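Presented below is the structure to which this report refers.
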Amino acid sequence: MSEQVHNRLSVLRAERNVTRRALAEAVGVHYQTIGHIERGQYNPSLDLALRIAAHFGLPVEAVFSLEPFRPLTDEVYGTTGRDRS
């Protein structure tokens with residue numbers, strides 16, 4: 001049985017001002033594929049995951065994970081979400 005692959009694609013695209021269409025063209029897929037991956041409706045192949053990570057200049061584990069990602073604010077500020085004032 002296939003497990004869901006979690007990703008940070010929408011966050012990466014937003015912070016770098018990259019559209020789904022531009023990312024799709026850069027990695028050689030249809031733009032709807034990027035949307036399906038972002039929503040967790042499609043798990044990318046290893047090849048595609050590596051191409052996407054390379055496009056952003058990041059290791060694949062910074063973009064994709066089998067475990068849900070912690071919110072970036074928790075990673076940046078070292079909080080659990082309840083500790084913020």
Side-chain angles (χ1 to χ4, degrees):
M1 180 159 66
S2 180
E3 218 175 312
Q4 180 181 0
V5 175
H6 301 273
N7 68 79
R8 288 186 166 145
L9 282 184
S10 60
V11 171
L12 290 169
R13 285 191 319 95
E15 75 179 16
R16 299 183 187 201
N17 201 27
V18 175
T19 65
R20 285 182 180 161
R21 192 173 299 274
L23 177 58
E25 289 174 6
V27 299
V29 297
H30 193 276
Y31 75 93
Q32 290 179 335
T33 301
I34 300 301
H36 290 302
I37 293 170
E38 286 181 355
R39 292 186 299 275
Q41 297 171 330
Y42 174 74
N43 290 341
S45 66
L46 177 58
D47 176 65
L48 179 54
L50 289 168
R51 284 186 280 147
I52 291 170
H55 176 78
F56 289 110
L58 295 169
V60 71
E61 61 271 13
V63 182
F64 297 98
S65 175
L66 294 177
E67 299 295 321
F69 285 103
R70 289 175 45 198
L72 288 176
T73 54
D74 290 354
E75 290 184 25
V76 171
Y77 299 111
T79 65
T80 62
R82 294 179 299 269
D83 300 337
R84 285 185 230 131
S85 356

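Computed from a prediction, not measured in an experiment: that's the story for all the values here.
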Next on the checklist: Hydrophobic clusters here meaning ILVMFWY residues chained together by side-chain heavy-atom distances under 4.5 Å, can you tell me if Phe69 and Val63 are in one?
Outcome noted: no
Checklist entry - In Å and rounded to the nearest 0.5 Å, what is the CZ to CD distance from Phe56 to Glu15? => result 8.5 Å
Next on the checklist: Given the ring of Tyr31, does Arg21 sit roughly above its face, with NZ or CZ under 6.0 Å from the centre of the six-membered ring and within 45° of the axis?
Outcome noted: yes
Checklist entry - Distance from Arg8 atom CZ to Ile52 atom CD1, nearest 0.5 Å? => result 15.0 Å
Item to check | side chain to side chain donor-acceptor pair (under 3.5 Å) contacts in which one or both residues fall within residues 47-58, not counting sequence neighbours | outcome: Asp47-Arg51
Item to check | Val27 side chain reached by Thr33 side chain, heavy atoms, under 4.5 Å | outcome: no
Checklist entry - Between Arg20 and Glu38, which heavy-atom pair has the shortest distance, and what is it? => result NH2-OE1, 2.8 Å
Next on the checklist: Is the shortest side-chain heavy-atom distance between Leu12 and Val18 below 4.5 Å?
Outcome noted: no
Checklist entry - Is there a chain of hydrophobic side chains (I, L, V, M, F, W, Y, each step under 4.5 Å between heavy atoms) that links Val11 to Leu66? => result no
Next on the checklist: Keeping Arg13 on the side-chain end and Leu23 on the backbone end, is there a donor-acceptor pair under 3.5 Å?
Outcome noted: no
Checklist entry - How many angstroms lie between CZ in Phe64 and CG in Leu58, if you round to the nearest 0.5 Å? => result 10.5 Å
Checklist outcome for this item: One should read off an interatomic distance between Asn43 CG and His6 NE2, to the nearest 0.5 angstrom, of 9.0 Å
Checklist entry - Distance from Arg39 atom CZ to Leu9 atom CG, nearest 0.5 Å? => result 11.5 Å
